[in-house]
Amino acid sequence: MIEKYFYIDCQTARELLGQIKHIETAKRGIDRHAFLLGDYVVLSTERLKLRNVVTRDDELVYLDEIIRTLNMLRERGVAVIPILGYCYDPSSRDGEGYLFQLRAKGAELYDDAIMTKFYVWAQNEPEEMYLSTHLNDNEAADYLTFRTHTISQVPQEHFDRFIYDMLQILNEDILIDCNGRSNFFYDSNVGFQYIDLDAHNDYKYGLISTKPDIKKIVSYCGFVPCHYAEGTELFSHAALAEQAICMLGGSRLHNLKIDNQIIFEKCILALRHNGIPEYMINSALKKIKIYGC
């Protein structure tokens, strides 16, 4: 096992590895398992040598650069969750190993494990993609409406900072995965935080010749706190499926639409406050269908 630690000492990392043998996975994504240990999270992965899904990083040069960049951003006040170090089996083809990180404050923007009950892409029940939530339909409906209301009450300054931080991260050519709502956390004191940042964009890897227009990307991704409706051109997989949302019932459905409208309006204001041109916002909204709007 090769170990490389940047912002965590070797002894602490090894103690964390020893502890995960005795606890269950707290969260699971498509190719990772998360173990929560006090202030730390240990992520097991089988793809440490892959960046941006397909770009090989066998010597982990890109990953090392990302780790240093995330720490630099955090020192500048950007709400990223840094990677502290990693260890891996060098003989494994794609890099079986572990990432060490600090834990984000608060809770996921929306817990994807619960939201799969409502997303369009999940209606064929690919439950193996995430840990089971053990929530019945009524409990999941309560979660959706309560969490949406909670996000609707987030102060405008936190939405503004969310967009500001997004611009800072993207300006460093770091990829933000807006496809999963669990890649963002919210805490009433800290605000929105970004996790799962371990890949660059295609330009950084030489897959495209032109650097992406950061403001254009933000004009689309800035609506990630909102729920999308069926028929949206972008983020269609995360749209709320009509057949699934029916379980909410009358009053919950009504409240969901109102709260999502409030979130939508705060997102637009945050984009404007951060200098995203009106024509970009309008262009994005031609490809994004917001639920209830």
Side-chain angles (χ1 to χ4, degrees), residues 29-30 51-54 73 78-80 108-110 112 115 118-122 148 151-152 154 156 158-186 191-205 207-241 257 259-293:
I30 294 174
R51 304 269 76 77
N52 199 17
V53 182
V54 296
L73 286 169
V78 178
V80 297
E108 295 102 328
L109 176 62
Y110 299 105
D112 286 321
M115 292 300 295
F118 306 104
Y119 288 155
V120 168
W121 74 269
T148 305
I151 300 302
S152 76
V154 169
Q156 183 63 49
H158 283 182
F159 278 90
D160 293 352
R161 186 70 193 196
F162 177 65
I163 299 301
Y164 174 84
D165 286 353
M166 185 179 291
L167 286 163
Q168 301 305 304
I169 295 166
L170 291 174
N171 194 53
E172 298 294 336
D173 291 319
I174 291 180
L175 187 67
I176 299 173
D177 183 2
C178 293
N179 292 311
R181 306 300 181 80
S182 292
N183 293 328
F184 309 90
F185 271 62
Y186 181 75
F192 293 101
Q193 302 139 85
Y194 291 81
I195 71 168
D196 197 25
L197 302 172
D198 64 358
H200 290 106
N201 57 33
D202 287 350
Y203 175 77
K204 184 74 174 182
Y205 299 133
L207 301 176
I208 58 175
S209 58
T210 304
K211 190 178 179 70
D213 186 331
I214 301 305
K215 288 188 175 181
K216 184 176 181 180
I217 294 174
V218 173
S219 72
Y220 295 111
C221 294
F223 291 105
V224 73
C226 304
H227 296 299
Y228 310 112
E230 273 195 70
T232 185
E233 182 178 340
L234 294 178
F235 307 114
S236 58
H237 64 286
L240 296 178
K257 291 179 179 179
D259 288 333
N260 200 48
Q261 174 73 38
I262 293 172
I263 296 171
F264 172 62
E265 292 171 353
K266 288 183 177 181
C267 287
I268 288 182
L269 274 179
L271 291 168
R272 290 171 178 161
H273 292 167
N274 280 278
I276 306 302
E278 203 70 27
Y279 78 89
M280 284 189 178
I281 298 175
N282 292 334
S283 177
L285 291 176
K286 290 179 180 179
K287 298 183 177 181
I288 296 175
K289 185 177 180 182
I290 302 295
Y291 182 77
C293 297

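The chain is numbered in sequence order, starting from 1.
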- line: Output for pair (Ile263 CD1, Leu109 CG), nearest 0.5 Å, gives 8.0 Å
- line: From the list His158, Gln193, Glu108, side-chain hydrogen bond (donor to acceptor under 3.5 Å, both in side chains) partner of Tyr186 resolves to His158
field: Lys211 NZ: over 12 foreign heavy atoms closer than 6.0 Å
entry: yes
message: Less than 4.5 Å apart, side chain to side chain, heavy atoms only: is that true for Tyr119 and His237?
response: no
- request: Report yes if the side chains of Asp213 and Met280 come closer than 4.5 Å at any heavy-atom pair, otherwise no.
  value: yes
Side-chain heavy atoms of Leu271 within contact of Val218, under 4.5 Å: yes
message: Using side-chain heavy atoms (C-beta onward) and a distance below 4.5 Å, is Asn179 in contact with Phe235?
response: yes
- request: Decide yes or no for Tyr194 and Phe184: does some side-chain heavy atom of the first lie under 4.5 Å from some side-chain heavy atom of the second?
  value: yes
query: Side-chain contact, heavy-atom cut-off 4.5 Å: Phe223 with Ile281?
result: yes
task: Apply side-chain contact (heavy atoms from CB on, under 4.5 Å) to the pair Lys289 and Tyr228, showing each step before the final yes or no.
output: CA-CA 6 Å; Lys289 185 177 180 182; Tyr228 310 112; over 6 Å; no
message: Could you check whether any side-chain heavy atom of Phe192 comes within less than 4.5 Å of a side-chain heavy atom of Val154, counting everything from C-beta outward?
response: yes
field: Rounded distance [0.5 Å steps], CD in Gln168 versus CD1 in Ile214
entry: 10.5 Å
- prompt: Is the closest basic N to carboxylate O distance between Glu278 and Arg272 below 4.0 Å?
  reply: yes
- request: For side-chain contact (heavy atoms from CB on, under 4.5 Å), just list the numbers for Ser283 and Ser219, CA-CA rounded to whole Å, side-chain angles, deciding distance to a tenth of an Å, and then say yes or no.
  value: CA-CA 8 Å; Ser283 177; Ser219 72; over 6 Å; no
message: Show the nearest heavy-atom pair for residues His273 and Asp160, with the distance to one decimal.
response: ND1-OD2, 3.0 Å
Side chain to side chain donor-acceptor pair (under 3.5 Å) partners for Asp202, two or more places apart: Asn52
message: Quick one, Tyr220 and Cys178 - any side-chain contact, counting heavy atoms below 4.5 Å?
response: no
statement: CD1 (Ile262) and OG1 (Thr148) are apart, to the nearest 0.5 Å, by 11.0 Å
query: If you look at every heavy atom in Leu175 and Leu197, which pair is closest and at what distance?
result: O-CD2, 3.5 Å
query: Looking at Tyr110 versus His227, is the centre-to-centre ring distance below 6.0 Å?
result: yes
